[in-house]
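Some notes on the structure that comes next.
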Amino acid sequence: MSVTTYPKTSAGRTRPAGTGPARALLRRWPTALALALTLPGLFSGGGGDAGGAVDAFGEALPLLPLLYLVVTRIGRPRWTWPVLGAGVAAMVSLRATGVVAPSTVLVAAALGLLLWGTVRGTPHGAAVSGLQSAGAVLFCGLAVAGLAADPELGRYLVAAGWFLHGVWDFVHLRVRRLEGVVAPTFAEWCGVVDVVIAAELLFAH
């Protein structure tokens, strides 16, 4: 009969094999991915074009609450990442055609889902649906205001939108009643991305 042995910890206790820094990094892959995608932009100071950064991130901001609304309406957190992929693809297509601003389409879609959820309800109930509606109004409002305002003021409004959505993500990751709204991996990834982008906007010059 074979006996399984475990490596010793610094305190002399045993721990299962496969734990440690590598295992911890594997568990935190959304954070690692988020940092890999966003830190280069932060360290470059936003690429030196504050106005361009405000426009780009302001146009993208409404996608975040729209995704929450879509997944809340579907009631299937595992669809979070595919919905994100579809949203990003739609934004790229809209920017390429140049016929209408992506933020206009995203805000209109969010408003449509708000009305639909009000009439039909959502799988998570009225309280969660109302919270998502309030979040959508807040984040879409900050995006629209940031894009319409003076570039310097707009930078702070859009940065506030991204930062607050990062807080929003972490709340959904930690509050038990909200844990099942979106995929936890997405909430972790998006929360880190949002906070770093907010910092990038503040440091853009």
Side-chain angles (χ1 to χ4, degrees), residues 18-68 70-71 77-96 101-103 106 135 138-140 142-147 149 151-175 178-179 181-205:
T19 61
R23 186 67 175 272
L25 181 62
L26 185 61
R27 288 199 305 269
R28 295 275 75 87
W29 69 262
T31 294
L33 177 61
L35 293 175
L37 292 173
T38 56
L39 285 183
L42 177 61
F43 289 146
S44 67
D49 181 8
V54 171
D55 288 342
F57 291 130
E59 291 287 349
L61 179 56
L63 176 61
L64 306 179
L66 175 61
L67 182 146
Y68 269 84
V70 171
V71 179
R78 66 176 178 271
W79 281 89
T80 306
W81 289 101
V83 170
L84 174 65
V88 171
M91 282 193 58
V92 171
S93 299
L94 290 168
R95 289 182 68 89
S103 59
L106 295 173
L138 172 64
F139 300 121
C140 287
L142 285 170
V144 172
L147 290 169
E152 187 62 20
L153 175 60
R155 179 160 65 108
Y156 291 104
L157 291 172
V158 174
W162 281 89
F163 177 78
L164 291 174
H165 196 273
V167 175
W168 184 263
D169 289 316
F170 290 125
V171 167
H172 281 74
L173 194 61
R174 297 297 182 184
V175 176
L178 300 175
E179 284 178 349
V181 173
V182 295
T185 53
F186 171 81
E188 179 181 340
W189 174 85
C190 190
V192 175
V193 167
D194 294 349
V195 171
V196 176
I197 286 178
E200 180 179 336
L201 283 164
L202 292 178
F203 290 119
H205 51 80

Practice problem: For the residue pair Glu200 and Trp162, establish whether any side-chain heavy-atom pair is separated by less than 4.5 Å. | Solution: no

Quiz item: Do Phe139 and Leu66 come within less than 4.5 Å of each other through their side chains, counting heavy atoms only?
Solution: no

Quiz item: Which value, rounded to the nearest 0.5 Å, describes the distance between Leu147 atom CG and Leu61 atom CG?
Solution: 8.5 Å

Exercise. With rounding to the nearest 0.5 Å, note down the distance linking OH in Tyr156 to CG in Leu201.
Key: 10.5 Å

Practice problem: For residues Pro102 and Arg95, report the shortest heavy-atom separation together with the two atoms involved. | Solution: CG-CG, 3.5 Å

Quiz item: Measuring from Trp189:CH2 to Thr38:OG1, what's the distance to the nearest 0.5 Å?
Solution: 9.0 Å

Quiz item: Are more than 12 heavy atoms from other residues, nucleotides or ligands located less than 6.0 Å from atom CZ of Phe186?
Solution: yes

Quiz prompt | Shortest non-hydrogen contact from Phe170 toward Gly191 | solution = CZ-C, 3.6 Å

Quiz item: So, for Val195 and Gly166, which heavy atoms are closest and what is the spacing to 0.1 Å?
Solution: CG2-CA, 4.4 Å

Self-check item: Set of side chain to side chain donor-acceptor pair (under 3.5 Å) partners for Ser103, sequence neighbours left out
Solution: Glu59

Self-check item: Pairs meeting criterion salt bridge (Lys or Arg N to Asp or Glu O under 4.0 Å) with involvement of residues 183-195, two or more places apart
Solution: Arg28-Glu188

Practice problem: To the nearest 0.5 Å, tell me how far Asp169 CG sits from Leu178 CG. | Solution: 11.5 Å

Exercise. Quick one: closest heavy-atom pair of Gly161 and Leu142, and the distance?
Key: CA-CD1, 3.5 Å

Quiz item: Can you name the residues that form a side chain to side chain donor-acceptor pair (under 3.5 Å) with Trp79, not counting sequence neighbours?
Solution: none

Self-check item: Thr185-Trp81 side chain donor-acceptor pair, cut-off 3.5 Å
Solution: yes

Exercise. Find out whether Thr80 and Leu67 are in side-chain contact, i.e. whether some heavy atom of one side chain is under 4.5 Å from a heavy atom of the other.
Key: yes

Quiz prompt | Which atom of Pro62 lies closest to which atom of Leu106, heavy atoms considered | solution = CB-CB, 3.8 Å

Exercise. Enter the distance from Leu63:CG to Cys190:SG here, rounded to the nearest 0.5 Å.
Key: 8.5 Å

Quiz item: How far apart are the closest heavy atoms of Arg155 and Phe203, and which atoms are they?
Solution: NH1-N, 4.3 Å

